J.: 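What follows is a structure written as structure tokens; I'll ask about it next.
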Amino acid sequence: MAITRRHFLHSSAAGVAALSIARGIMAQSKNPNGKSELHYLTLTEAAKLIRARKLSPVEYTEALLKRIDDVEPKVHAFITVTREEALAAAKTAEKEIMGGKYRGPLHGIPFGVKDTHYTKGIKTTVATPVLANFVPDFDATVVTRLKNAGAILLGKLNLPEFSFGGETPGTNNPWDLKRSPAGSSGGSGAALAAGELPMATGGDTSGSIRGPAVANGVVGMMATYGRVSRRGIAVISWSLDRVGPMTRTVEDNAIMLNALAGYDPADETSSDAPVPDYTRALKRGVKGARIGIPKANWFEGYDANVMRGYRDGIEVFKKLGAVVNEVDLPPTMEVIDQAQRIIRISEAAAYHEPFLTNNQEQYGKSNVRRDVEAGSLIPAVHYLRAQRVRKVFIREMAELHNSVDIILTPGRPVLPGGQDKSKQNFSRPWNVCGYPALVVPAGFSTEPAGLPVALQIAGRPFEEELLYAAAYAYEAETKWWEKKKPQV
Amino acid sequence: MHKGMSDDELKEAMKVMAKFSGVNLSAERIERDLPAFKAYMGDYDTIRSVKLAVEDEPAMILRLQKKATPKGRV
């Protein structure tokens, strides 16, 4: 018997309570005209509806595809939309759920991945002409994990060539289409803000999950190095790259990391540390947590709107019971961006060696070829010194965390499209030390009006739970995402 | 370090290193790549300010451990 959407809804075993939840959620997700918007459901809301059989995965996928059709001509977040594959997967999910095989909160939920992620039988371009026709024969581990959780691949998201840089050429920021969505996971951030997806992955070598999450007003988590497998992800730098979840809310993010995190024998740097249920930590709060904030001189060159959001955020955490104090940052923080650049480009040059040998004329118009060619001339001793400085920095960060649980900074020094002239943007140091860092929306600018700003909440290795607890408490207090959405 | 070198000297060094490393760099490419190379050399000059003990080893493969919960932490 063919499954129909009507059949899915009518076969619901849910009672009055489930209907009540669904109606409440749908009411919250109405646009200013009072029309329900499936595309702005959070992952958590959609999962509740799907589990209660009030929303079919097929209906949901079709609604998001319609949204993509509507806004992509303006946003350009996708490189590839996997329409047919997504609809087929949605039908499978629907059939499984109807048959009583509910896999969990990602079952029937569409997702997108940065186009660095290998997808079996689907082009993986890494936004470069060098790999324009590359079709992997296996899925990246994170793609497999999401699919195994029942999630539905809706497409591949835009990035700069080979993921180099803090912008995403071609993609527009839904909060202001004339502005950049930042980069390199700019397609992921823009698609989330525009309501094209409820969850996406990003990659972070120098701030590339966190920057676009901030610029697009969404939540981005760069978990501890080794926590999420890098297997099947095109490389910038083996020892710096991380993959992580991007969502519109903190709870959604924790649910997504539950699926992504875990040991992968195919990734030599993968950690076998036990993975907690990150959603269990959400309501712990931050009472008594020791939050360290850098001294004012570190914020030279920061936008006034950003600093206002940051100062307000500090007050919110104090109100929530956290103990906030200024801290002295490690001495090596002063030079760590330079060490990061040497490590990043040396490893990138090694990764690019076959492309520089065989495909050098195929590079695009970006500076990637220039940067990796020059990087391939860096002496090994320079690279090793940078790695030794890195070791010192990790030691200093561990010492700093003897006195603080969290380091709180602005998520990004500038508004979307702004030129970063800061002394330290507080992105790269966390790539270098491998510690986790999460960004959470912290309101909007006033001059110019309506652009997102954010906080970065960073902690010790494998303490993502604490970061989620802090971010969830802050989000519950401020509710920025509920207050305003982009008008695309 | 490289600050005492002229652009021509740096380009000559790049040419020799490229040849030695098997990187095919034309004169035009060396010209284009020079700003990036100078930036990397500048970065190296900066990190030379960090005093390293002879015992300080490089962080080659990052293997992080979860520390025991410190006192006072939530």
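Note that this is a predicted model, so its numbers are computed, not measured. Each chain gets a letter, A, B and so on, in the order its sequence line appears, and its residues count up from 1.
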J.: If every non-hydrogen atom of A:Pro379 is compared with every non-hydrogen atom of B:Met41, which pair is closest and at what distance?
T.: CD-CE, 4.2 Å
J.: Taking side chain as C-beta onward, heavy atoms only, is B:Ser49 less than 4.5 Å from A:Gln338?
T.: no
J.: With a 4.5 Å cut-off on heavy-atom pairs, point out which of A:Val389, A:Val404, A:Val392 contacts chain B the most.
T.: A:Val389
J.: Side chain, backbone, both or neither: which part of A:Glu353 has a non-hydrogen atom closer than 4.5 Å to chain B?
T.: neither
J.: Could you report the tightest heavy-atom contact between A:Lys391 and B:Pro58, atom names first, then the distance?
T.: NZ-O, 3.9 Å
J.: What are the two closest non-hydrogen atoms of A:Ser376 and B:Ser21, and how far apart are they?
T.: O-OG, 4.3 Å
J.: Quick check on B:Lys11: does its NZ atom have over 12 non-hydrogen neighbours (other residues, nucleotides or ligands) under 6.0 Å away?
T.: yes
J.: Taking every non-hydrogen pair under 4.5 Å, which of B:Asn24, B:Ile30, B:Leu52, B:Val23 racks up the most with chain A?
T.: B:Leu52
J.: Spell out, as yes or no, whether a donor-acceptor pair under 3.5 Å connects the side chain of B:Tyr40 to the backbone of A:Asp371.
T.: yes
J.: Given that the side chain runs from C-beta out, which part of A:Ile345 has a heavy atom under 4.5 Å from chain B: side chain, backbone, both or neither?
T.: side chain
J.: If you round to the nearest 0.5 Å, how far is CE of B:Met14 from CD of A:Glu373?
T.: 8.0 Å
J.: Please check if atom NZ in A:Lys423 has more than 12 non-hydrogen atoms from other residues, nucleotides or ligands closer than 6.0 Å.
T.: yes
J.: Any idea which of B:Lys38, B:Arg29, B:Arg32 has the most non-hydrogen atom pairs under 4.5 angstrom with chain A?
T.: B:Arg29
J.: If I compare all heavy atoms of A:Arg385 with all of B:Ile47, which pair ends up nearest, and what's the gap?
T.: NH1-O, 3.0 Å
J.: In Å and rounded to the nearest 0.5 Å, what is the OG1 to CZ distance from B:Thr46 to A:Arg341?
T.: 8.0 Å
J.: Give the intermediate values and the outcome of salt bridge (Lys or Arg N to Asp or Glu O under 4.0 Å) for residues B:Glu57 and A:Arg388.
T.: CA-CA 5 Å; B:Glu57 295 187 2; A:Arg388 292 172 76 197; over 6 Å; no
J.: Which atoms of B:Ala53 come close to chain A, meaning under 4.5 Å heavy atom to heavy atom: side chain ones, backbone ones, both, or neither?
T.: backbone
J.: Measuring only between side-chain heavy atoms, which start at C-beta, is A:Phe393 closer than 4.5 Å to B:Val50?
T.: no
J.: Any side-chain heavy atom of B:Leu25 sitting closer than 4.5 Å to one from A:Leu377?
T.: yes
J.: Assess whether a salt bridge exists between A:Arg395 and B:Asp56, defined as any Lys/Arg side-chain N lying under 4.0 Å from an Asp/Glu carboxylate O.
T.: yes
